[in-house]
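When a ligand or atom number is given, it counts from 1 through the structure's own listing order. Side chains are part of it too, since the values below use all heavy atoms of this structure and drop only hydrogens, waters and symmetry mates.
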Amino acid sequence: MSNAKPLTAGKLPDAGKNKKIRNTRLLQITHNLSERVKELNCLYGISRLIENGNVNIDDILQGVVDLIPPAWQYPEITCARIKLENRDIKTRNFRKTVWCQSQAIIVDGNKFGTLEVCYLLEQPESDEGPFLKEERNLIRVIAERLGNMIEHKTAENNLKTLYRREQELHNKLQLEMQSRADLTRKLIHELKTPLTSLLASSQLLFEETRDKKMEKLAKHIWNGANNLNNRIDELHDFTRGEMGKLKLVLKKVDIVNLMQSIIEEAGALARQYGISIELEFTGPLPEIEADPDRIKQVVLNLINNACKYAREGRKITIKILNRTGSVLIEVKDHGSGIPQSRQINIFEPGYQIADSDSTTGGLGIGLALCKMLVELHGGKIWVDSTVGKGSSFFFTIPVKYKKQ
Ligand code: ADP
């Protein structure tokens with residue numbers, strides 16, 4: 001119809017304007033989104049670099065500076081640099097210009113370096129000079145990630161160095177222990193050879209002589225040689241124990257029978273000191289799985305010490321107690337006792353109480369060897385002592401042996 005009014009008269013120009021605005025907005029949003037995508041790509045690339053355990057720190061830093069330009073608004077004129085205390089890593093085109101933003105790299109709370117991003121040519125003003133506020137956020141996040149990465153890598157490197165040093169020390173120690181063990185073995189052989197004949201000849205002299213003076217002398221020589229022989233055996237066992245070469249020969253052991261036979265054997269020595277040895281136990285006691293010779297060695301050592309350090313005319317009591325899963329043995333004397341402060345180190349090799357009677361002899365490894373032997377069985381050893389009243393040495397042996 002010719003006189004019909006146009007449908008949206010006067011509205012068309014507005015619609016066109018709106019569409020234009022919408023398009024411009026859309027373009028802006030698309031541009032912004034693609035900028036964010038670039039930033040995310042950059043962060044993703046950096047994460048991948050850092051998390052790849054096979055890349056060294058220099059390659060990571062170079063990778064990071066190379067990932068930066070594509071994430072900024074004008075990639076083709078963007079350059080970057082990471083300047084650390086000991087490194088200066090740049091993109092190939094790096095040149096410091098006035099259009100530059102920088103961010104401190106913090107490691108362990110201290111400034112360790114700087115991350116710089118520069119434009120090579122002047123660009124229109126934006127949020128921070130020619131840079132967007134999002135670019136400030138991005139440079140901050142990258143610097144933060146770099147700081148964390150350096151912290152981690154430094155700790156990791158320190159740990160590796162410590163581990164390597166520890167390995168070196170361990171190997172050195174092994175060698176030293178081996179050469180010490182070799183030397184001790186040679187020394188033991190050298191000492192034992194003449195001692196064996198000394199023991200045999202003093203024994204023979206004692207049996208053959210009718211002269212009381214000579215008999216006493218022969219006994220004296222035999223005691224001295226025997227004492228030395230025991231010390232040498234102790235030293236030998238201890239060295240083997242330190243090298244992990246001391247092995248137990250396990251058997252089912254009736255602990256009461258074993259203690260009775262030990263007391264019988266030690267009786268002669270104790271009598272020399274005017275000391276009697278008593279056994280106390282309350283049954284029933286379980287059979288234990290142990291090395292009877294090594295248990296005997298421990299108990300003889302403790303009796304020997306009790307005789308050496310106890311006053312004459314007193315008794316030594318050996319008590320056996322049943323504990324859950326183990327037996328507890330106590331060797332009690334009424335000797336001089338051990339000061340509290342010195343009880344802590346008493347099981348250390350070479351430890352001798354300074355003011356103990358020097359005539360009693362010994363190398364100070366008797367108790368260390370006892371500890372070693374008890375622990376080889378999976379047991380524990382300790383002392384309870386009061387000066388002037390005496391000492392009780394306790395040790396446990398598990399009923400069932402469990403490999404240590
Ligand atoms: P040693 O070869 O000197 O006897 P030990 O390791 O057997 O070495 O003993 C270490 C030190 O512990 C001894 O020098 C002694 O002073 C002290 N000691 C050990 N047993 C007793 C005890 N029953 N009473 C008092 N002191 C003791």
Donor on one side chain, acceptor on other, Arg164 and Gln167, under 3.5 Å: no

Under 3.5 Å: N/O of Asp333 near N/O of ligand 1: yes

Qualifying residue, where the test is side chain to side chain donor-acceptor pair (under 3.5 Å) with Glu116 and the options are Lys96, Lys83, Lys90: Lys96

Close approach, Gly364 and ligand 1, non-hydrogen under 4.0 angstrom: yes

4.0 Å heavy-atom contact, Phe347 with ligand 1: no

Check: Lys308 N/O within less than 3.5 Å of ligand 1 N/O: yes

Glu76 CD: over 12 foreign heavy atoms closer than 6.0 Å: yes

Any donor-acceptor N/O pair, Asp291 side chain to Leu248 backbone, under 3.5 Å: no

Contact atoms of ligand 1, heavy-atom distance to Leu367 under 4.0 Å: 5 (P), 6 (O), 7 (O), 9 (O), 19 (C)

Side-chain donor or acceptor of His152 paired with backbone N/O of Asn148 under 3.5 Å: yes

Ligand 1 atoms in contact with Ser391 (distance to a heavy atom under 4.0 Å): 24 (N)

